[in-house]
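In what follows, residues are counted from 1 in the order of the sequence shown. Both ligands and their constituent atoms are indexed starting at 1 by order of listing.
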Amino acid sequence: MDRNHLLKELHNQQPSWDLIVIGGGASGLGTALDAASRGYRTLLLEQGDFAQATSSRSTKLVHGGVRYLRQLAISLVRRSLKERFILLQNAPHLVHALPFIIPTSNWLSRCYYLAGIKFYDLLARRLGFKPSHLISKKELLQCLPTIKVDQFSGGICYFDGQFDDARMAINLAQTIVEQGGVPINYMQVQGLLKTKDKVIGVIAIDLEKGITHEIQGKVVINASGVFIDSIRCMDKSNAETSIVVSQGSHIVLERTFFPGNSAMIIPETVDGRVIFAIPWYNRVLVGTTETTTETISLTPKPKEAEITYLLEYIGKYLTKQPKKSDILSQFSGLRALMKPKEGGVNTALLSRDYVISVSPSQLISVIGGKWTVYRKMGEETVDVALKVAQLPFCASQTSHLKIHGWSQTHSKDSEWHYYGSDLALVEQQATSQEQLQKLHPDLPCREVDVLWAIRHEMARTVEDVLSRRTRCLPLGARASIEVAPKVAAIMAKDLCFSKEWECQQVKAFERLAKDYLGSNPIPSTEHSEALYL
Ligand SMILES: Cc1cc2nc3c(=O)[nH]c(=O)nc-3n(C[C@H](O)[C@H](O)[C@H](O)COP(=O)(O)OP(=O)(O)OC[C@H]3O[C@@H](n4cnc5c(N)ncnc54)[C@H](O)[C@@H]3O)c2cc1C
């Protein structure tokens, strides 16, 4: 996957693509992969990096959504459970089953939650992971060693999936290339080409080279997440708002606050939310909040109140109360939820299902959904697109398509197991032992990872490497700021970029990473300043 090579493909495939997909998050990547693997000439354009927006900021669950049962969203849960199984089959290097514990304090709540979870098992049918079961107080303490056990009489254990969202996005982009598609990052769609009121393509600018392209396609798909209405406005200037946006934030803590290999779910907070504490790599991820927002950004920032809320809530359950200074990283994501026709907006109650709409100009928009169902969304969107573009029908191939990196034999012991079948190739690049050493003791990032990211995974910036090719930034913001100059230097050398680029990259990364640090003091940047001035 090489950006310059893909840009050449963009020119070679003119005059017209079969499908042009706007947006390189879960929805766009799923759609482009479905189309490319059916044999259609497919182009995907992403304004930033793949998964830079919501799709790298999720809770990392591949799940049916236990809490949607309360809203009686049965078909959404059933469909999600089926997709959970398919994802585990097609990307076993990135998805695994994880035990989730619901602590309960009395028999009434035990019966209530057990009934719900057994129904969840039933909906999964033969595609379920392991069956759920009751656990005693002693087992509760074994699974969640730092829980305030005196408050509980036992709990319920059920199984759901966990994955790495940004790594999945990168592997999907690689699979699209393997299937003959062309996904390009840092290519922003700024307008739509139209003839006789029908959309026939896009105007896109290559943000790296500053070159504008007019690109024709038989059908254009708007999979731009919370930016959906900005594209709809390019189609019809007075298009109505179609979504409500809600922000969800997470904090990341040391595993000492939450050791063990099980996740905990607080199934109903006093304000009707669900909070998870989930082991993720060698940290614990706590989230999420849900707050309506009007601010749409590629890099949303957690609000003080959200962080305080998460710290206080999780502190009620753990023997060691985390403080703001214990936060290693914090981040927010934005959900695009379908706007209700009428009534007030409690976003927690809005459907997580998706809608595929076709405008009179034949622009297709895909709205809502979850990472878990990205494949099904992609399949259904392509089915609609084929009808709109009157292309000959070929059936979807993705339910059995292995995602790049597929491996069932890779060792889970390696910190870099997420590469799957690529792991050996990543490490074979090393020309010295030093390149296999960590660049920072607290982060899973080596020189070979940086080189692999730029040579084979289309990383273009320090942020791409530290945030989405490796997961350093969400795992530790302070340490990531400290390691950024080394990463920039390795990138500049390999890509033959200037010292000026290197300096600008470090500064841009520091600016971004400050939001992940929250109110914690920023590490001294004297080192990097001295290096570049
Ligand atoms: C806090 C939170 C937690 C979540 N947790 C889970 C979970 O645990 N499990 C789960 O299954 N789901 C989860 N979800 C839902 C899931 O993350 C989203 O449904 C999914 O990531 C949305 O993907 P998307 O492609 O629609 O949007 P995005 O990921 O936002 O992608 C849209 C892309 O379009 C690009 N774009 C926009 N405008 C343009 C343009 N003009 N030109 C080119 N590109 C453009 C953007 O840059 C962006 O990358 C969560 C969501 C949130 C907010």
Side-chain angles (χ1 to χ4, degrees), residues 20-32 43-65 67-68 76 80 83-84 87 95 160-166 168-169 172-173 183-192 202-207 220-234 243 245-250 263 273-274 276 278 280 285 287-291 293 296-300 302 306 331-337 347 352-354 365-378 381 468:
I20 299 175
V21 180
I22 307 171
S27 316
L29 290 162
T31 303
L43 175 69
L44 178 147
L45 304 173
E46 163 56 50
Q47 66 177 350
D49 185 26
F50 303 117
Q52 187 167 357
T54 307
S55 296
S56 58
R57 297 155 183 275
S58 79
T59 314
K60 332 296 180 207
L61 299 179
V62 177
H63 62 156
R67 81 185 177 94
Y68 310 135
L76 171 68
S80 305
E83 290 301 314
R84 180 184 75 167
L87 252 169
V95 184
D160 239 329
Q162 184 184 36
F163 78 133
D164 183 328
D165 48 10
M168 178 69 79
L172 285 174
I184 305 181
N185 54 4
Y186 297 102
M187 184 74 88
Q188 184 177 53
V189 171
Q190 296 192 335
L192 298 175
V202 299
I203 302 164
I205 179 160
D206 181 341
L207 296 176
V220 176
I221 295 160
N222 174 10
S224 57
V226 289
F227 301 88
I228 200 128
D229 288 331
S230 63
I231 305 289
R232 289 176 68 249
C233 284
M234 293 175 194
I243 56 166
V245 178
S246 92
Q247 171 162 314
S249 295
H250 299 89
R273 296 179 191 166
V274 168
F276 293 98
I278 307 173
W280 190 56
L285 180 66
T288 171
T289 55
E290 177 129 16
T291 331
T293 179
I296 293 177
S297 155
L298 257 184
T299 52
E306 290 180 291
F331 59 92
S332 296
L334 300 179
R335 288 185 192 85
L337 300 166
T347 53
R352 263 52 176 168
D353 219 338
Y354 54 88
S365 294
V366 46
I367 308 166
K370 299 194 294 165
W371 241 121
T372 309
V373 293
Y374 86 94
R375 191 206 65 82
K376 192 68 188 160
M377 278 170 79
T381 307
R468 290 170 293 276

What distance do Phe227 atom CZ and Gln188 atom CD have between them, rounded to the nearest 0.5 Å?
9.0 Å
Mark up the atoms of ligand 1 that fall under 4.0 Å of a heavy atom belonging to Gly333, in ascending order.
53 (C)
Correct closest heavy-atom pair for Leu44 and Ala32 would be CD1-CB, 3.7 Å
Test your reading of the model: is there a side-chain donor-acceptor pair from Ser56 to the backbone of Ala51, 3.5 Å cut-off?
yes
Of the side chain and backbone of Thr288, name the one, both, or neither that has a heavy atom under 4.0 Å from an atom of ligand 1.
side chain
Considering only non-hydrogen protein atoms, determine which one is nearest to atom 27 (O) of ligand 1 and report residue, atom name and distance to 0.1 Å.
Gly225 CA, 3.6 Å
If you measure from CG on Leu334 to OG1 on Thr299, what distance do you get to the nearest 0.5 Å?
9.5 Å
Among Ser58, Ala26, Ser27, closest by any non-hydrogen atom to atom 4 (C) of ligand 1:
Ser58
Based purely on interatomic distance, does Phe227 place a nitrogen or oxygen under 3.5 Å from a nitrogen or oxygen of ligand 1?
no
Looking at Ser55, is its backbone amide N or carbonyl O close enough to the side chain of Trp371 to form a donor-acceptor pair, meaning the two atoms are under 3.5 Å apart?
yes
Within reach of ligand 1, part of Met187 (heavy-atom separation under 4.0 Å)
backbone
Nearest to atom 32 (C) of ligand 1, what protein heavy atom do you find, and at what distance?
Ser224 C, 3.4 Å
Leu87 and Thr372 have their tightest heavy-atom pair at CD1-O, 3.9 Å
Nearest non-hydrogen protein atom, atom 42 (N) of ligand 1:
Val189 N, 3.0 Å
Taking distance alone, with N or O pairs closer than 3.5 Å, would you say Leu61 contacts ligand 1?
yes
Below 3.5 Å, N or O to N or O, backbone or side chain included: is there any such pair between Gln188 and ligand 1?
no
Interatomic distance, Asp229 atom CG to Arg232 atom CZ [nearest 0.5 angstrom]
5.0 Å
So which bit of Leu334 gets within less than 4.0 Å of ligand 1, heavy atoms only: side chain, backbone, both or neither?
backbone
Quick one: which ligand 1 atoms are inside 4.0 Å of a heavy atom on Gly369?
19 (O)
If you compare Ile22, Thr59, Val202 by their heavy atoms, the one closest to atom 3 (C) of ligand 1 turns out to be Thr59
Does the Thr288 side chain pair with the main chain of Ser249, one donor and one acceptor, at a distance under 3.5 Å?
yes
In this structure, which one of Leu45, Asn222, Val21 forms a side chain to side chain contact (heavy atoms under 4.5 Å, CB included) with Val202?
Leu45
heavy-atom search around atom 12 (N) of ligand 1 in the protein gives Trp371 N, 3.2 Å
Any idea which protein heavy atom is nearest atom 53 (C) of ligand 1, and the distance to it?
Arg335 CG, 3.2 Å
Closest approach of any protein heavy atom to atom 31 (O) of ligand 1, naming residue and atom:
Gly25 CA, 3.5 Å
When you measure from the side chain of Lys370 to the backbone of His63, do you find a donor-acceptor pair of N or O atoms at a distance under 3.5 Å?
yes
Spatial distance of atom CD1 (Ile278) from atom CD (Gln162) [nearest 0.5 Å]:
6.0 Å
Is the shortest distance from a heavy atom of His63 to ligand 1 less than 4.0 Å?
yes
Ligand 1 N/O within reach of Gly48 N/O, cut-off under 3.5 Å:
no
Is Arg57 close to ligand 1, meaning an N/O of one under 3.5 Å from an N/O of the other?
no
Are any of the N/O atoms in Leu298 less than 3.5 Å from those in ligand 1?
no
Which of these, Met377, Arg84, Gln47, has its nearest heavy atom closest to atom 44 (N) of ligand 1?
Gln47
Out of Ser55, Gly24, Ser56, who is nearest to atom 21 (O) of ligand 1 when you count heavy atoms only?
Ser55
Can you sort out which atoms of ligand 1 are near Leu45, meaning under 4.0 Å from one of its heavy atoms?
43 (C), 44 (N)
Counting N and O atoms only, with roles assigned by atom type, does the side chain of Lys376 sit under 3.5 Å from a partner on the main chain of Tyr374, one being a donor and the other an acceptor?
no
If you measure every N or O of Ser246 against every N or O of ligand 1, does any of those distances drop under 3.5 Å?
no
Of the backbone atoms (N, CA, C, O) and the side-chain heavy atoms from C-beta on, which set of Val373 has a member under 4.0 Å from an atom of ligand 1: side chain, backbone, both, or neither?
neither
State if Gln190 counts as touching ligand 1 under the rule of any non-hydrogen atom under 4.0 Å.
no
Is there a nitrogen or oxygen of Gln52 sitting under 3.5 Å from a nitrogen or oxygen of ligand 1?
no
Can you find an N/O atom of Glu46 closer than 3.5 Å to an N/O atom of ligand 1?
yes
Record the part of Ala223 in heavy-atom contact with ligand 1 below 4.0 Å; permitted values are side chain, backbone, both and neither.
backbone
Leu29 and ligand 1 - part of the residue with a heavy-atom distance under 4.0 Å:
neither
